[in-house]
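Below is one structure; the comments refer to it alone.
Counting starts at 1 for both ligands and their atoms, in listed order.
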Amino acid sequence: MNGNQLLQNKTIIVTGAATGIGQAFSVACASYGAKIIVADMNSGVETVELIESKGGEAKFVEVDVANEDSASFMAKSAFDWSGRVDGLINNAAYFREVKLTPFEEIKIEVWDKIFDVNVKGIWQCSKAVIPYMRKNKGGSIINISSVVAVAGQPGYLHYVATKGAVLAMTKGLAKECGKDCVRVNTIAPGFVITDATKNRPLEWQQTFLKARAISREQRPEDLVGTAVYLLSDLSNFVSGQTHVVDGGHIMY
Ligand SMILES: NC(=O)c1ccc[n+]([C@@H]2O[C@H](COP(=O)([O-])OP(=O)(O)OC[C@H]3O[C@@H](n4cnc5c(N)ncnc54)[C@H](O)[C@@H]3O)[C@@H](O)[C@H]2O)c1
């Protein structure tokens, strides 16, 4: 097999794939041979067109990851389209709307909304997809957390708490699904320049940049190599792990 066939014959669902990091994951996985379900609550047509313009295969499915029926429809659509589901990147999140707020002032509705999408959404999508992975006798799930789950971040308690839950859910699900050869891992990005973050305060961006061993801006493309590795058979004995991809900010 040559390198650019690493994901050949695999069907991968990417949630939150209409834009930003999810779009970069989708385009990269397609370039390694995977068929991609571009799953998002907003139109994913741009991502599908990007993939098709490079000769890849993709289909948009509208989903609300926090809704059980919608997540089931997404998984079934993927299976009906390609006859299999091998990978899932749980990337969708209530993120760009999150405002820096002192912890005493976070509104209960906002707390509940962010947990609904960022935590329940991963549960629902994984629950919907794993039965199809069992049919193939295996699969790979990547949950997207954040460096803030490891490092903390003032003014972001609700978001930090959801991303910490993602780390724990990865471990719990990995232990429970290992018998089905379903591997579950986390990628925790650093501060990445996307449409969601480009208007965050400059001094905040600078703090992240200065803390890195590799002191430059992080782009969505910096994350894709780790995702392709985790979705491919190269990582077939790797499960339950947190992969921090942040230019060497956090070091274990
Ligand atoms: N950009 C960063 O600095 C950064 C850092 C660490 C982690 N992350 C994480 O990376 C992921 C992507 O971030 P991004 O910067 O590309 O953000 P983004 O806002 O550009 O992308 C999020 C996508 O999720 C979709 N989405 C939101 N709620 C949804 C729902 N209920 N159902 C379906 N789709 C939904 C949105 O439509 C959007 O396309 C998120 O999980 C985020 O928490 C981002």
Between Thr197 and Val192, which heavy-atom pair has the shortest distance, and what is it?
OG1-O, 2.6 Å
Which of the ligand 1 atoms, numbered from 1, are nearer than 4.0 Å to a heavy atom of Ala196:
15 (O), 17 (O), 18 (P), 19 (O), 20 (O)
Side chains of Glu57 and Trp81, donor plus acceptor under 3.5 Å:
no
Min heavy-atom dist Gly190 to ligand 1 below 4.0 Å:
yes
Gap separating the CD1 atom of Ile130 from the CD1 atom of Ile141, nearest 0.5 angstrom
4.0 Å
If the plane angle is over 60° it's perpendicular, under 30° parallel, otherwise tilted; pick one for His158 and Tyr156.
perpendicular
Val65 neighbourhood, listing ligand 1 atoms whose heavy-atom distance to it stays under 4.0 Å:
30 (C), 31 (N), 32 (N), 33 (C)
With a 4.0 Å cut-off on heavy atoms, is Thr15 in contact with ligand 1?
no
Numbering as shown, the atoms of ligand 1 that approach Ala92 to under 4.0 Å (heavy-atom distance)
24 (O), 26 (N), 34 (N), 35 (C)
Sub-4.0 Å heavy-atom contact, Phe191 with ligand 1
yes
Return yes when Lys163 approaches ligand 1 closer than 4.0 angstrom through a heavy atom, no otherwise.
yes
Out of Asn91, Asn90, Asn185, Thr242, which residue meets the side chain to side chain contact (heavy atoms under 4.5 Å, CB included) rule with Asn143?
Asn90
Is Asp64 touching ligand 1 with its side chain, its backbone, both, or neither, if touching means heavy atoms under 4.0 Å apart?
both
